[in-house]
Amino acid sequence: MADGEPLQYAAMAEHSYDPQSVELRAQAWWRDNQSFRATEDAGRQKYYCLSMFPYPSGKLHMGHVRNYTIGDVISRYQRMLGRNVLQPMGWDAFGLPAENAAIQNRVPPAKWTYENIDVMRGQLKRLGYAYDWDREVTTCSPEYYRWEQWFFTRLFRKGLAYKKNAVVNWDPVDQTVLANEQVIDGRGWRSGAVVERREIPQWFLKITDYAQELLDSLDQLTGWPEAVKTMQRNWIGRSQGVEIVFPVADGGESLKVYTTRPDTIFGVTFMAVAAEHPMVAPVAERDPEVARFVEECRQGAITEADIETMEKKGLPLGLEAVNPLNGERIPIWVGNFVLMSYGTGAVMGVPGHDQRDWEFARRFGLPVAPVVRPADGSDPGIDQAAYEDKGVLYNSGEFDDLEFQEAFDAIAERLERDDRGERRVNFRLRDWGVSRQRYWGCPIPIINCPVCGPVPVPDDQLPVVFPEVTQLEAGLDRARLTESFMRTTCPECGGPAERETDTFDTFVESSWYFARYTSPGCETGMVDGRADHWLPVDQYIGGIEHAVLHLLYARFFHKLMRDEGLIHSDEPFTRLLTQGMVLNEIFYRKSADGRIQYFNPAEVEVRADEKGARTAVLASDGGPVESAGIGTMSKSKNNGVDPQRLIDRYGADTVRLFMMFASPPEQTLDWNDDAVAGSFRYLRRLWSLVQNHADLIANAPESPGGKDLDPELQAIRTTTHDILDRVCRDYERHQFNTVVAACMELTNLLEKHDWQAGGESGASVLREAVTILLKVLAPVVPHICHVLWERLAFQGGLLDAAWPEVDRQALVRESVVMVVQVNGKRRAEIEVPSGAADDGVREAALANPRVQHHVQGKSVRKCIVVPDKLVNLVVG
RNA sequence: GCCGAGGUGGCGAAACUGGUAGACGCGCCAGACUCAAAAUCUGGUGGUGGCAACACCGUGCCGGUUCGAGUCCGGCCCUCGGUACCA
């Protein structure tokens with residue numbers, strides 16, 4: 001069949017499965033009954049199920065479909081368990097791609113964004129997600145960000161927002177600040193110019209004030225994956241160490257460093273400072289080599305990954321620090337791996353006991369001095385690598401023979417007594433820089449007065465809204481902020497002043513949207529009393545890529561809102577499911593001037609020759625394209641798969657089913673749509689099974705009784721309840737792929753039986769099984785199940801049907817098949833009464849001729865029995 | 001570099017607390033139906049050897065613990081996510 005051609009079974013037979021009409025019918029029913037409107041109801045247990053809202057980049061991609069299907073399955077499952085479910089949806093609508101589209105296509109960012117939202121909202125509705133659309137939130141609308149501005153002015157007054165200098169990527173050609181993503185190999189993506197580091201004043205939020213609480217309350221998040229909590233703990237990075245002051249010889253200003261290993265202080269053989277350190281500038285003035293080095297450090301990217309992996313370079317400044325404990329003189333170097341914005345902008349180098357310092361010292365011929373050795377007094381062996389273990393001190397004067405903690409305390413006390421340092425708890429976490437030099441973002445509500453300094457915009461003048469622009473130009477993003485917008489008067493002194501033109505990081509909007517959903521239409525504040533009804537979110541679902549930044553910022557904002565008295569819980573998300581990324585291959589071409597153009601895998605043909613070597617060509621022109629491996633589906637890499645094609649061809653249920661069946665939710669998924677047809681085939685089989693027996697089922701007794709069934713029907717009942725038992729367990733642990741597999745198993749079983757000849761008891765066994773099947777499949781494929789439920793003339797909507805219960809008595813079997821191993825190798829199977837005693841099992845196993853063959857002539861030394869499962873005879 | 005996760009048939013995967021490796025599905029092969037094809041249905045399908053019964057091998061690599069290891073421990077390789085201005 002040609003790709004994209006719609007299936008035409010509907011035209012072929014009246015009763016064949018036509019997803020488009022089935023889905024239209026189910027969705028109309030939900031709409032007419034306002035099924036998903038959530039109301040605060042004190043009488044029912046609430047369940048707030050939230051999926052991370054999308055950035056409206058154009059169309060849904062498979063990552064969205066995966067995310068939102070998981071959320072919808074959980075919402076519908078919880079609803080059938082009787083909970084009052086709230087499931088909202090909205091748009092993370094500010095961001096860089098809108099500006100890029102504006103520049104490239106000369107379309108205003110607002111128009112581009114709202115058009116994308118309309119397309120994507122339509123797609124979400126087509127997929128049948130059970131959202132309460134009355135609560136929709138769009139972060140780029142002034143009604144939303146007004147309250148963000150309001151909140152920021154409160155934080156400013158509390159001293160939790162402040163301004164300081166920070167480094168940005170500066171494109172000297174386009175005269176603009178670049179995001180890290182826009183810097184490729186140290187060059188601006190559009191101009192190709194070498195990017196410079198530039199310090200500019202920026203707004204920060206004091207997340208470090210909450211570092212300890214953000215760390216401590218992770219322990220209470222028992223519904224979060226350990227991996228995410230570990231990443232957040234490491235990110236916050238609490239450490240106990242000592243801040244040490246090294247005087248600089250010949251009267252220079254002293255050098256402050258932080259270390260968690262003060263026990264190695266006698267092994268310091270160099271100091272390294274950042275190029276931007278105040279100590280460096282005077283040296284650069286007289287030493288051209290240093291000046292050149294500083295200039296070199298000013299270029300290139302600013303990400304931690306770049307800095308940590310680049311070649312470590314350094315240059316001696318000709319200055320010396322003095323070791324505060326032994327008076328030794330230590331050369332001070334400037335190093336490209338030390339950043340002014342991290343810590344104090346200076347580090348002490350201990351090559352004997354730090355691998356990075358060891359490599360630096362080796363490279364530049366600096367001495368390596370061992371001062372810590374293993375407890376047994378053996379040589380630490382620093383010729384090949386640094387000795388980083390904690391051990392016992394030597395070569396350390398009066399501190400010799402102390403082990404780590406004793407040495408730490410003794411040295412810290414000595415430094416404190418001499419006023420040369422102090423013990424400190426340090427966090428790796430840095431304050432959150434929220435300033436962005438962009439147009440398409442929430443304006444920071446501050447007025448800069450030459451007399452009063454930064455002054456918050458008064459509440460009655462909020463929201464601050466930028467003038468609309470019809471187009472943006474690269475490098476001139478903020479020039480559209482007209483004179484009349486910037487010119488204003490100071491709210492404090494009434495004198496002339498200028499408006500702040502920076503906007504917020506888009507992570508600010510996504511740090512409180514979950515709270516806004518609880519209070520739609522609220523015009524008196526960020527949220528109202530309804531927030532405490534719904535919060536915290538019971539289940540949050542989103543990509544693992546948000547494990548640290550978004551999820552940490554949202555936790556931070558929740559605590560800020562709590563401390564403002566707006567809400568009364570400590571954490572925003574009780575349970576967290578981190579969905580694995582959907583990956584796809586990335587294809588590109590590099591043009592002569594170094595620019596990269598990406599091609600969607602749908603436009604690329606991959607061929608393999610006889611030797612298995614792959615070549616990829618663009619279908620349209622037959623020319624070769626390069627593969628950049630596989631990566632997360634993204635707009636920027638143009639490797640997304642458009643789910644619309646699959647919806648048009650197979651319907652929403654097939655897409656939902658396939659997504660859930662393809663792999664467990666937390667696992668990375670390499671996209672391959674070859675198997676989607678199999679999910680459609682399954683739904684068609686389900687449809688036929690129910691349709692072919694609909695009247696039989698509708699007229700059958702509800703309960704199959706249980707006692708007088710013939711063995712074959714009894715076996716079907718046992719399997720049905722066994723499968724239900726597994727399905728319940730798998731829903732609870734969110735492993736939906738095996739839920740689907742179990743349903744397929746049950747369907748296969750039911751298809752094989754001749755029900756028309758089975759009489760009334762057979763019909764009731766079928767009725768029970770089909771009822772269970774439709775109920776447990778409903779969260780995954782709600783449309784087809786809804787319509788089949790109607791066909792069976794069952795009372796009430798399937799949506800609110802009670803979740804089926806496992807009949808424990810039906811699970812009891814009279815005999816079981818056990819595996820017999822000899823010396824750990826599987827040799828036979830035996831059938832024994834279930835619950836048989838160990839001795840009986842052993843005898844039955846030894847009686848088996850195949851077992852005898854392997855035991856022959858040897859004595860049984862040991863016999864291990866796992867009841868009802870396995871017996872292992874150890875012979876020799 | 002650092003932090004986190006993953007690696008099982010041709011492919012997506014399953015295996016609950018250390019107990020039958022490969023459920024379920026895709027693909028492929030064979031058969032039925034058909035003038036033929038598609039669709040559908042039935043059966044087979046980890047590898048090697050063997051007519052077969054069956055035997056041996058097999059969960060990224062090397063080693064260990066155990067009656068028994070995909071699962072636990074030590075070391076390594078590769079892939080993916082994050083790395084503070086992509087969202």
Side-chain angles (χ1 to χ4, degrees), chain A residues 1 9 12 52 54-55 57 92 95-97 166 168-169 177-183 202 225-228 230-235 237 302-310 312 337 341 355-356 429-438 505-507 510 543-550 552-553 578 580-581 583 629-632 634-636 658 661-664 666-670 672 674-679 681-682 684-685 726 729-730 733 735 737-738 740-745 748 817-821 823-826 829 850 861-864 866 869-875:
Chain A
M1 181 185 299
Y9 303 103
M12 289 155 57
M52 290 181 186
Y55 177 76
S57 55
D92 188 16
L96 211 47
V168 294
N169 303 302
V177 175
L178 297 179
N180 287 335
E181 196 193 43
Q182 298 173 308
V183 181
Q202 309 214 60
E226 281 305 322
V228 174
T230 303
M231 279 188 267
Q232 292 212 353
R233 278 190 196 101
N234 292 337
W235 185 265
I302 58 171
T303 71
E304 192 195 334
D306 281 328
I307 289 156
E308 290 289 329
T309 52
M310 73 187 174
K312 307 283 182 292
F337 55 93
S341 46
Q355 187 58 25
R356 197 180 68 175
L429 182 69
R430 309 196 301 265
D431 274 339
W432 176 12
V434 293
S435 284
R436 296 291 180 271
Q437 294 71 44
R438 307 209 201 292
D505 177 4
T506 57
F507 274 128
S510 56
I544 183 66
E545 72 273 19
H546 294 295
V548 177
L549 290 181
H550 162 62
L552 189 65
Y553 293 146
T578 46
M581 313 280 307
L583 308 180
I630 55 169
T632 158
S634 75
K635 187 108 178 156
S636 58
F658 176 68
F661 183 52
S663 75
E666 307 208 280
Q667 197 162 306
T668 302
L669 175 63
D670 291 355
N672 172 357
D674 285 354
V676 178
S679 292
R681 272 204 287 273
Y682 171 70
R684 201 162 47 190
R685 285 204 289 127
R726 278 150 51 196
R729 191 191 73 215
D730 288 344
R733 61 180 182 142
Q735 189 169 290
N737 56 327
T738 47
V740 174
C743 290
M744 288 174 170
E745 227 180 292
N748 291 345
V817 173
M818 289 180 72
V819 163
V820 185
Q821 294 183 334
N823 285 344
K825 278 189 192 290
R826 180 188 162 158
E829 284 180 356
R850 295 190 46 185
R861 291 208 201 134
K862 208 168 172 181
C863 173
I864 290 137
V866 182
K869 273 197 169 168
L870 174 143
V871 51
N872 186 15
L873 299 165
V874 185
V875 303

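By convention in this document, chain letters (A, B, ...) are assigned in the order of the sequence lines, proteins followed by strands, and residues within each chain are numbered from 1.
- In this structure the side chain of A:C743 reaches within 4.5 angstrom of the side chain of A:Y682, judged on heavy atoms.
- One atom, CZ of A:R233, and another, P of B:A5, lie 12 Å apart when rounded to the nearest Å.
- Put simply, the side chain of A:Q202 never gets that close to the backbone of A:R436: no donor and acceptor are under 3.5 Å apart.
- Between A:F661 and A:N737 the shortest heavy-atom distance is O-CB, 3.5 Å.
- Rounded to an integer number of Å, the gap from A:L583 CG to B:G7 C1' is 14 Å.
- Annotation: of the two residues near RNA chain B, A:L178 and A:R826, the 5′-most nearest-nucleotide partner is A:R826.
- For a distance-only test at 3.5 Å, the side chain of A:Q182 fails to qualify as a donor-acceptor partner of the base of B:C85.
- Separating the C1' atom of B:A37 from that of B:A23 is a span of 34 Å, rounded to the nearest Å.
- Between the CE atom of A:M310 and the P atom of B:U83 there is a distance of 18 Å, given to the nearest Å.
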What does the list of N/O pairs under 3.5 Å between the protein and nucleotides 66-77 of chain B look like, with a distance for each?
unit_1 : atom_1 : unit_2 : atom_2 : d
B:C67  : O2     : A:N872 : ND2    : 2.5

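- Under the 4.5 Å side-chain criterion, counting only non-hydrogen atoms from C-beta, A:L583 is not in contact with A:L669.
- The gap from the C1' atom of B:G6 to that of B:G70 amounts to 13 Å, rounded to the nearest Å.
- Here A:E745 lies in heavy-atom contact (under 4.0 Å) with sugar-phosphate atoms only.
- The gap from the P atom of B:C85 to that of B:U20 amounts to 49 Å, rounded to the nearest Å.
- Residue contacts shown for A:V228 are absent, as no nucleic acid heavy atom lies under 4.0 Å away.
- Looking at A:R438, its side chain comes within 3.5 Å of the base of B:C85 through a donor and an acceptor atom.
- In this structure, CG of A:L552 is placed 17 Å from C1' of B:G81, rounded to the nearest angstrom.
- For A:H546, the side-chain atoms get nearest to B:A87 when compared with the rest of B:A15, B:A87, B:C24.
- Taking the P atoms as reference points, B:C80 lies 22 Å from B:G10, given to the whole Å.
- Proximity of A:S663 to the phosphate of B:G12: no side-chain N or O atom is located under 4.0 Å from OP1 or OP2.
- Using a 90° window around 0 for the glycosidic torsion, B:G46 falls outside it and is classed as anti.
- Among the atoms of the strands shown, only primed sugar atoms or phosphate atoms (P, OP1, OP2) are found under 4.0 Å from some heavy atom of A:I630.
- Contact annotation for A:S679: no contact, since no heavy-atom pair falls under 4.0 Å across all strands.
- With hydrogens and angles ignored, no donor-acceptor pair closer than 3.5 Å exists between the side chain of A:Q667 and the base of B:G6.
- Of the candidate nucleotides B:A14, B:C85, B:C86, B:A14 has the atom lying nearest to any side-chain atom of A:T738.
- The residue A:R733 sits close only to the backbone: its heavy atoms come under 4.0 Å of sugar-phosphate atoms, none of a base.
- The residue A:A741 sits close to a base: some heavy atom pair falls under 4.0 Å.
- Using a 4.0 Å cut-off, no side-chain N or O of A:K869 falls inside it from OP1 or OP2 of B:G18.
- Side chains of A:V183 and A:D306 form no contact here, defined as non-hydrogen atoms less than 4.5 Å apart.
- Side-chain N or O atoms of A:Q667 include none that pairs as donor or acceptor with a backbone N or O of A:P664 at under 3.5 Å.
- At distances below 3.5 Å, not a single donor-acceptor pair connects side-chain atoms of A:N872 with backbone N or O atoms of A:I864.
- By the salt bridge (Lys or Arg N to Asp or Glu O under 4.0 Å) test, A:R356 is found to be paired with A:E308, residues two or more places apart in sequence or in another chain being considered.
- By the 4.5 Å heavy-atom criterion applied to side chains, A:M231 and A:I544 are counted as neighbours.
- A:N748 has a side-chain polar atom (N or O) that falls below the 4.0 Å cut-off from OP1 or OP2 of B:G25.
- Rounded to whole Å, the separation between the P atoms of B:G74 and B:G4 comes to 14 Å.
- Look at A:N737 and you won't find any side-chain N or O under 4.0 angstrom from OP1 or OP2 of B:G12.
- Annotation: side chain of A:F507 is not in contact with side chain of A:V434 (no heavy-atom distance under 4.5 Å).
- A:V866 comes within contact range of at least one nucleobase, with a heavy-atom separation under 4.0 Å.
- The nearest heavy atom of RNA chain B to A:Q202 and to A:E666 marks one nucleotide each, and the one closer to the 5' end goes with A:E666.
- Of the side-chain N and O atoms in A:R430, none sit less than 4.0 angstrom from OP1 or OP2 of B:A84.
- Side chains of A:T578 and A:H546 form no contact here, defined as non-hydrogen atoms less than 4.5 Å apart.
- Within the 4.0 angstrom heavy-atom criterion, base atoms lie near A:A305.
- As judged by a 4.0 angstrom heavy-atom cut-off over every strand, A:Y55 is placed among residues touching the sugar-phosphate backbone only.
- Side-chain proximity of A:R684 to the nucleotides B:G4, B:A39, B:A84 is greatest for B:A39.
- Dashed line: the shortest gap from a side-chain N or O of A:R726 to OP1 or OP2 of B:A23 is not under 4.0 Å.
- In this structure the side chain of A:R438 reaches within 4.5 angstrom of the side chain of A:L96, judged on heavy atoms.
- Residue-level contact check: A:L870 touches the bases, meaning some heavy atom is under 4.0 Å from a base atom.
- Taking a 6.0 Å sphere around CZ of A:R233, one finds it holds more than 12 heavy atoms contributed by other residues, nucleotides or ligands.
- When heavy atoms are screened at a 4.0 angstrom cut-off, A:F507 is found touching base atoms of the nucleic acid.
- Using a 4.5 Å cut-off on side-chain heavy atoms (C-beta onward), A:V168 and A:Q437 make contact.
- Between the CZ atom of A:R681 and the C1' atom of B:A38 there is a distance of 13 Å, given to the nearest Å.
- Closest to the side chain of A:L96, out of B:C86, B:G12, B:C16, is B:C86.
- Counting only heavy atoms from C-beta on, A:E545 has its side chain closest to B:A87 among B:A39, B:C24, B:A87.
- One atom, CG of A:N234, and another, C1' of B:G82, lie 12 Å apart when rounded to the nearest Å.
- A:P54 comes within 4.0 angstrom of no nucleic acid atom, judged by non-hydrogen atoms across all strands.
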Which dot-bracket string fits RNA chain B when only Watson-Crick or G-U wobble pairs with both atom distances under 3.5 Å count, crossing pairs get [ ], and | stands for a partner on a different strand? (((((((..(((......[....)))((((((.......))))))((((....))))..(((((..]....))))))))))))....
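- Proximity note for A:T632 (side chain, C-beta onward) versus B:G81, B:G4, B:C86: the nearest is B:G81.
- A:V168 comes within 4.0 angstrom of a base, heavy atoms only.
- Taking atom C1' on both B:C24 and B:G68, the two are 27 Å apart, rounded to the nearest angstrom.
- Straight-line distance from the CD atom of A:Q232 to the P atom of B:A5: 14 Å, rounded to whole Å.
- One interatomic measurement links the two molecules: CG of A:L549 to C1' of B:A84, which rounds to 5 Å at whole-angstrom precision.
- In this structure, A:R685 does not reach the B:C24 phosphate: none of its side-chain N or O atoms is under 4.0 Å from OP1 or OP2.
- No contact: A:G543 has no heavy atom under 4.0 Å from any strand.
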